[in-house]
Amino acid sequence: MAEEHPKDTTLDRLIRILGAFDTDRPTLSISALARRAAIPLPSAYRWVDRLAAAGLLERAPGGAVGPGMKLWELASRSAPGTSLRQAAMPYMDDVQAVLRQHTQIAVLDASGVLVLERLSARGAVPNQATIAGRMPTFTTSLGLVLLAFSRRYVTESFLAEHGAELGAPLKGPWHDAGPASSGASGTSGGVALRGNAQNVVNPTEAELRQLLAEVRQQGWASADGQIDSEATGVAVPVLTPEGHAVAALGVVVPRSSEFRPGLAPMLLAAARGISRALGPQAGMPASDMVFPQHPPVALPDTGA
């Protein structure tokens, strides 16, 4: 039976309750919610009653509960990615109209790649990205672009925190590499991968740094068959006026796609349009704004 943390505040418990739901567990029984939120079962019942009355949770058939419409309304109105999504949608529509596969935009946060929007066509190649879901950072084109073009302290802080995953098998439920880790952080923590690629291993730190240097040099990233063996991901950065990544714009297409040679130029043109549409907005979700968990780290003076 779960016990409340000795220094718990009301806000602490609320955060854990709302954070217990994810894209693969959109509803939970109250007992499962109590376990995931680390609160006693009687307290969970009281919290569910209060939050359901406020519209922040709603009851599903069979006694399960999930996020309520009021919570979605509040999040949609105040999300830091709202302006980014609005600026990106016309350009994403143009790319999607040509490719008829998957077009998506994502940002970097403390846990990795957070997908803000995805456009997909019926019959397209498999794609594991979901809106408001997470993708691995070190083995996807979106993740490589975000790390390559983020501010240096963000990249270094992220690598310092996730260093244990480098060189290790990529893990996630339903992925051939094995079950997800139970840790709170990590590239695949909370990521439910259902791809069919086998034995995927994250690059070592040296390999990753070489990859990031190549991505910075060419201006875009690609990943073949890392999550789904028949798919290729290509992504480019959406840059701030200072040249730092505010987001990554990407596509997922069949590895045999006739469009592959032209994907990067098409995406780079769309990303420039998104950057112009955003402009020098103070509210842009730049990496150092959506990634506040990482303070600047002390770096050696390389003269760069």
Side-chain angles (χ1 to χ4, degrees), residues 1-60 62-84 106-116 130-134 137 153-154 157-158 160-165 173 180-192 282-297:
M1 181 176 178
E3 295 183 359
E4 292 181 280
H5 299 208
K7 294 185 178 180
D8 256 354
T9 66
T10 299
L11 181 58
D12 291 330
R13 291 189 287 274
L14 177 60
I15 290 171
R16 293 205 304 275
I17 289 169
L18 297 180
F21 304 96
D22 55 37
T23 53
D24 291 281
R25 300 174 184 85
T27 62
L28 294 166
S29 68
I30 297 180
S31 59
L33 176 60
R35 288 193 302 271
R36 289 177 63 83
I39 60 175
L41 186 58
S43 295
Y45 276 101
R46 290 194 296 270
W47 271 102
V48 167
D49 287 342
R50 294 168 61 189
L51 294 174
L56 298 177
L57 293 182
E58 62 182 27
R59 299 180 187 276
V65 294
M69 190 64 72
K70 184 67 173 179
L71 187 62
W72 172 85
E73 178 187 348
L74 294 172
S76 298
R77 194 160 54 221
S78 61
T82 299
S83 61
L84 172 59
V107 296
L108 184 70
D109 75 359
S111 297
V113 177
L114 176 63
V115 180
L116 296 184
T130 59
I131 297 173
R134 298 188 183 279
T137 311
Y153 85 80
V154 172
S157 295
F158 190 94
E161 183 166 325
H162 295 259
E165 299 161 32
S181 63
S182 58
S185 64
T187 305
S188 51
V191 176
M284 285 172 64
S287 58
D288 54 343
M289 297 173 65
V290 300
F291 206 22
Q293 297 89 340
H294 291 272
V297 294

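Residues take their numbers from the sequence shown, with the count starting at 1. Just so it is clear, the structure is predicted and the values come from calculations on it, not from any experiment.
Heavy-atom minimum distance, Glu58 versus Met69: OE1-N, 3.9 Å. In terms of heavy atoms, Ala110 sits closest to Glu161 at O-OE2, 4.3 Å. Shown here for Asp109 and Phe158, the closest heavy-atom pair between the two residues is O-CE1, 3.6 Å. Taking both residues in full, the closest heavy atoms of Pro26 and Pro67 are given as O-CD, 3.2 Å, listed atom of the first, atom of the second, then distance. Between Ala44 and Ala34 the shortest heavy-atom distance is CB-CB, 3.7 Å.
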Item to check | Stepwise side chain to side chain contact (heavy atoms under 4.5 Å, CB included) check, Ser43 with Arg13 | outcome: CA-CA 10 Å; Ser43 295; Arg13 291 189 287 274; 5.9 Å; no

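For Arg59, the side chain to side chain donor-acceptor pair (under 3.5 Å) partners two or more places apart in sequence, or in a different chain, are Asp49. When the side-chain contact (heavy atoms from CB on, under 4.5 Å) test is applied to Ala60, the partners found at least two apart in sequence or on another chain are Thr27, Ala64. With sequence neighbours excluded, the residues forming a side-chain contact (heavy atoms from CB on, under 4.5 Å) with Ala32 are Leu28, Ser29, Arg35, listed by chain and number.
When side chains are defined from C-beta on, Leu71 does not count as touching Leu51, because their heavy atoms never get closer than 4.5 Å.
Distance CG/Leu33 to CG/Leu41: 9.5 Å, rounded to 0.5 Å. Taken to the nearest 0.5 Å, the CG atom of Leu57 stands 14.0 Å off from the NZ atom of Lys70. The structure places CD1 of Ile30 at 14.0 Å from CH2 of Trp47, a figure rounded to the nearest 0.5 Å. The distance from the CG atom of Leu14 to the OG1 atom of Thr9 is 9.0 Å, given to the nearest 0.5 Å. Taking CD1 of Ile39 as the start and CD1 of Ile17 as the end, the distance is 4.0 Å to the nearest 0.5 Å. Distance OG/Ser157 to NE2/His162: 10.0 Å, rounded to 0.5 Å.
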